Amino acid sequence: MLRQIALIDCNSFYVSCERLFEPRLRSKAVVVLSNNDGCVVARSKEAKRIPVEMGVPFFEIKDLVETGKVIALSSNYTLYGDLSARVMTTLAGFGRSQEVYSIDECFLDLTGDPKPTETMIAARCRVLRDVGIPTSVGIGPTKTLAKLASEIAKGLPAGVFVMPPPGPALAEVLGKLPVAEVWGVGPAFQATLRTWNIKTVLDLARLPPERMQRKYGVVGERVVRELRGEACHLLVEGPEPKQTITVSRSFSRDIAALPDLRAAASSFAERAAEKARSGHRAAGAVTAWLSANRFKADAPDCGGSLTHVFPVATNSTPELVNAVDAMVRRLWELGQPEGRWKKAGVLLLDLVDDRARQTSLFGEVERERAGRISTALDEASRRFGTTALCSGTRLLSKNWKPLAGRCSPRRTTRWNEVLEVG
DNA sequence: TCTGGGGTCCTAGGACCC
DNA sequence: TCTGGGGTCCTAGGACCC
């Protein structure tokens with residue numbers, strides 16, 4: 001049976017959310033800004049037409065805002081998350097299975113549906129009526145083709161586009177699309193394809209998969225195969241357990257004062273602990289990092305990180321906050337006297353299921369790991385008076401001593417040599 | 001002056017063991 | 001002092017996504 005995958009994409013999602021509560025925003029050029037109102041993260045179609053590009057810093061469009069040509073809004077992620085959940089729930093019943101791919105997109109499996117177009121027109125109408133969010137729907141035999149179809153759908157009155165089955169009709173559609181539209185083809189990929197004189201999606205689909213495999217491995221190969229209608233990416237139902245959890249922010253200005261850094265880092269650690277607990281995850285290690293303003297010519301890529309390994313995986317707020325706080329104080333010292341920080345973050349890694357941990361805590365594996373790690377921690381603190389571990393690989397600004405060696409959280413044997421340098 | 005945040009997957013090659 | 005290869009695990013970093 002021919003696979004039929006639909007990709008439902010909310011149009012200008014953040015802008016559409018804001019428009020629900022502010023009718024004056026309808027038919028206007030509207031953008032939503034990132035944290036600290038730093039740059040543009042969503043644009044209405046009127047704003048795209050001007051054009052306002054995705055990701056441009058706010059100061060570059062300030063004139064447009066001041067002259068009333070564009071309305072700029074701060075973001076409200078709580079609202080967007082709530083509306084997203086309603087959209088996804090509404091759509092779930094229209095396919096035999098659903099993969100929520102991002103805050104504003106999901107895939108539905110329509111295989112076996114005799115009238116997929118009608119089904120999706122009904123789905124869009126329901127989302128618009130019940131939640132108030134406009135959507136576009138693309139349908140195709142693979143995820144990659146469905147995504148391309150949804151781009152075409154944005155320009156159609158019905159808001160639904162079905163990719164033709166492989167053959168001349170499909171070739172005609174793909175021949176009109178630039179290769180940059182393809183899911184998985186980013187800037188680096190595009191640069192190579194240009195040198196191969198690959199311009200349209202059709203050009204790419206006609207490349208021998210083996211050639212892509214040699215240059216880009218399985219990732220590139222899958223892109224080509226999916227364009228030919230061969231499914232390489234299956235639907236993933238239900239949220240997969242997280243591999244890492246990040247909480248990070250840019251500051252509105254550079255921060256040099258330790259109390260400010262500690263306050264920020266503690267709140268990141270608290271939030272990370274909450275995220276971990278809500279997903280039933282526990283961290284085997286936590287990294288804290290600081291970085292300087294990457295746009296300043298005198299301090300490119302300057303920053304550092306420390307990683308702390310827990311004897312037993314944890315998601316307790318005090319444990320995470322304490323570990324992060326100790327590392328931030330140390331990072332601040334390492335950055336003295338000129339350290340000025342624009343961004344900081346906390347990363348939970350080595351995540352495990354915290355319900356399984358409860359039962360395996362007394363199991364052999366966990367006990368062996370706990371014993372091994374605590375021995376190494378004891379040794380480290382005896383010799384160096386600290387248990388914070390250096391893993392910074394970019395402590396390279398002119399006033400900082402580069403850190404030699406690396407630390408891998410699982411490799412207890414190497415910790416000591418890293419600590420000696422740090 | 002002002003430039004987001006949160007993820008995933010893949011690979012080369014090092015580390016380690018036998 | 002000189003000598004080997006296979007298998008597996010692990011990490012950093014690149015590339016991409018929204």
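In this text the structure is predicted, and so the values were computed from the model without any measurement. Residue numbers begin at 1 in each chain, while the letters A, B, ... track the order of the sequences.
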**Report entry** Watson-Crick or G-U wobble mate for dG7(B), both contacts under 3.5 Å
**Finding:** dC16(C)
Presence of [X] side-chain N/O under 4.0 Å of [N] phosphate oxygens OP1/OP2:
X       : N       : answer
R222(A) : dC10(B) : yes
T244(A) : dG6(B)  : no
K242(A) : dT8(B)  : no
S250(A) : dG5(B)  : yes
S34(A)  : dG5(B)  : no
K147(A) : dC17(C) : no
K275(A) : dG7(B)  : yes

Atom-to-atom span, [atom1] of [X] to [atom2] of [N] - whole angstrom:
X       : N       : atom1 : atom2 : answer
E226(A) : dC17(C) : CD    : P     : 13 Å
N35(A)  : dG6(B)  : CG    : P     : 9 Å
N293(A) : dC2(B)  : CG    : C1'   : 10 Å
I103(A) : dG7(B)  : CD1   : C1'   : 13 Å
E105(A) : dG6(B)  : CD    : C1'   : 15 Å
W289(A) : dG6(B)  : CH2   : C1'   : 11 Å
D63(A)  : dC2(B)  : CG    : P     : 18 Å
R271(A) : dG5(B)  : CZ    : P     : 14 Å

Are the charged groups of [X] and [Y] less than 4.0 angstrom apart, N to O?
X       : Y       : value
E274(A) : R271(A) : yes
R330(A) : E333(A) : yes
E46(A)  : R19(A)  : yes

Query raised in the report: Between dC2(B), dC18(C), dG5(B), which nucleotide has the shortest distance from any of its atoms to the side chain of S248(A)?
Result: dG5(B)
Touch class at under 4.0 angstrom, heavy-atom based, for [X] against every strand present:
X       : result
R249(A) : sugar-phosphate
E240(A) : nothing
V56(A)  : nothing
I245(A) : sugar-phosphate
F295(A) : base
V182(A) : sugar-phosphate
F189(A) : sugar-phosphate

Report task. Give the minimum heavy-atom separation between D353(A) and R281(A), together with the two atoms involved. Result ->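 That closest heavy-atom pairing would be N-NH1, 3.4 Å.
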Query - Taking every non-hydrogen atom, the tightest pair across P134(A) and L128(A) - result: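 Answer, listing the atom of P134(A) first, then L128(A): N-CD1, 3.8 Å.
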Report summary line: The answer to which of K342(A) and Q213(A) contacts DNA chain B further toward the 5' end, by nearest nucleotide, is K342(A)
Query raised in the report: Quick one: on DNA chain B, does V247(A) or V218(A) contact a more 5' nucleotide (nearest heavy atom)?
Result: V247(A)
Query raised in the report: How far does the P atom of dT3(B) sit from the matching atom of dC18(C), given to the nearest Å?
Result: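 Straight-line distance between the two P atoms is 25 Å.
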Query raised in the report: Taking the side chain as C-beta and beyond, is there a heavy-atom pair between F295(A) and K342(A) under 4.5 Å?
Result: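 Answer no - side chains too far apart.
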